[in-house]
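So you know, we letter chains A, B, ... as the sequences are listed, proteins then strands, and number each from 1.
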Amino acid sequence: MTDILPASRADLPGDTTALARFLIGMTLVRDLPEGRVSGRIVETEAYGVSDPAGHAFRGMTPRTRALFLEPGHAYVYLAYGVSWMLNVSSEAAGVGAGVLIRALEPLEGVAIMRANRGVERLTDLARGPGRLAQALRIDRGLDGIDLCRDGLLWLAKSAGDPSEIGQSVRIGITKAAERPLRFYERGSRFVSGPRALNT
DNA sequence: AGTGCGATTGACT
DNA sequence: GTCAATCGCACTA
């Protein structure tokens, strides 16, 4: 039973940076046995072609296979042995690139998110890539799935008017750290990172 | 087969 | 503000 529909792949920009910007304001939906969890995407980072910070920079490996799928597939990996990260594949099939989803504004299923996270504060549920994955119970099992189909995890069209989008350097990387490839909903309380990067 | 290192988070001074 | 946890992976040999 859905009152919202999956995004169509044809609508997704193929260009990684354009996709990172495009995803701001879209809805990410996770259907769990207990019910639906969803959130508005408020922060992304682009990891495009020829980007030394990108996991596909040195070619395809077993882990990064999903980055080479056509746009709109999930690339999920474990960071620091602790936190799961969700990316949306970008660029044409065979080209390795993607967009990291860094933060959500909770919409549906807040009680489920609280249970998954073990915290109460609304702004702590999905602010940060590892936290949002925990809130939505995202792990390796979702690696490679098509986010443009109504399934376990999928993308839906914009959840509200596009607001002003800010741009900054990416968070937590050392390679190519100067590139301004992070996008966020300006002023949102649900965006991660230092205050200086949310202006 | 061994090793160094993160696209982070939460606890702590 | 600082810092350790934790482990899969990519790289070297």
Under the side-chain hydrogen bond (donor to acceptor under 3.5 Å, both in side chains) test, which residues partner A/Asp146, sequence neighbours left out?
A/Arg9
Test of understanding: with side-chain hydrogen bond (donor to acceptor under 3.5 Å, both in side chains), list the residues that count as partners of A/Arg65, not counting sequence neighbours.
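With neighbours one apart ignored, the set is empty.
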Does a donor on one side chain and an acceptor on the other come within less than 3.5 Å for [X] and [Y]?
X	Y	result
A/Arg63	A/Thr61	no
A/Arg102	A/Ser192	yes
A/Ser168	A/Arg182	yes

Strictly below 4.0 Å, heavy-atom distances to any atom of DNA chain C: list the hits from residues 109-127 of chain A, or just say none.
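Heavy-atom contacts with DNA chain C come from no residue of residues 109-127 of chain A; none.
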Both A/Ile173 and A/Arg131 contact DNA chain B. Taking the nearest nucleotide for each, which residue is further toward the 5' end?
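Comparing both residues, the 5'-ward one is A/Ile173.
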Apply the hydrophobic cluster definition, ILVMFWY joined by side-chain contacts under 4.5 Å directly or through others, and give me every member besides A/Val95.
A/Val49
For DNA chain B, produce a single dot-bracket line, 5' to 3'. Pairs: Watson-Crick or G-U wobble, both distances under 3.5 Å. Symbols: ( ) within strand, [ ] crossing, | other strand, . unpaired.
||||||.|||||.
Passes side-chain contact (heavy atoms from CB on, under 4.5 Å), A/Ile4 versus A/Arg36? Steps please.
CA-CA 12 Å; A/Ile4 50 177; A/Arg36 172 164 294 174; 4.2 Å; yes
Look for any protein N or O under 3.5 Å of an N or O in nucleotides 4-8 of chain C and output each such pair with its distance, or none.
{"from": "C/dT6", "atom 1": "O2", "to": "A/Tyr80", "atom 2": "O", "distance (Å)": "2.4"}

Check the pair A/Glu43, A/Arg127 against salt bridge (charged side-chain N to carboxylate O under 4.0 Å, His left out), reporting the backbone distance first and the verdict last.
CA-CA 9 Å; A/Glu43 184 183 359; A/Arg127 197 187 60 194; over 6 Å; no
Covered region of DNA chain B, 5' end to 3' end, by chain A [heavy atoms, under 4.0 Å]
B/dG6 to B/dG10
Residue set satisfying ring-ring contact (aromatic ring centres under 6.0 Å, His included) with A/Phe68, at least two apart, ordered chain then number -> none
Whether A/Arg117 side chain and A/Asp124 backbone form a donor-acceptor pair below 3.5 Å:
yes
Between the side chain of A/Asn198 and the main-chain N/O of A/Ser188, is any donor-acceptor distance below 3.5 Å?
yes
Please tell me whether A/His55 and A/Tyr77 form a close aromatic pair, meaning their ring centres lie under 6.0 Å apart.
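Close enough - the centres of the two rings lie under 6.0 Å apart.
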Show the numbers, then the answer: is there a side-chain contact (heavy atoms from CB on, under 4.5 Å) between A/Phe22 and A/Leu12?
CA-CA 8 Å; A/Phe22 183 84; A/Leu12 301 181; 3.8 Å; yes
Got a sec? Which of residues 67-74 of chain A come in under 4.0 Å of DNA chain B, heavy atoms?
none
Does any residue of residues 45-58 of chain A have a heavy atom under 4.0 Å from DNA chain B, and if so, which ones, in number order?
A/Tyr47, A/Ala53, A/His55
Where at least one partner belongs to residues 80-101 of chain A, residue pairs that pass side chain to side chain donor-acceptor pair (under 3.5 Å), sequence neighbours excluded:
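Counting only pairs at least two positions apart or across chains, the side chain to side chain donor-acceptor pair (under 3.5 Å) contacts touching residues 80-101 of chain A are A/Thr16-A/Ser90, A/Thr16-A/Glu91.
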Which residue pairs pass the side chain to side chain donor-acceptor pair (under 3.5 Å) test when at least one of the two sits in residues 170-180 of chain A, sequence neighbours left out?
A/Asp51-A/Arg170
Do A/Arg40 and A/Glu185 meet the salt-bridge criterion of a basic N to acidic O distance under 4.0 Å?
yes
A/Leu132 side, atom CG; A/Leu104 side, atom CG - distance, nearest 0.5 Å
4.5 Å
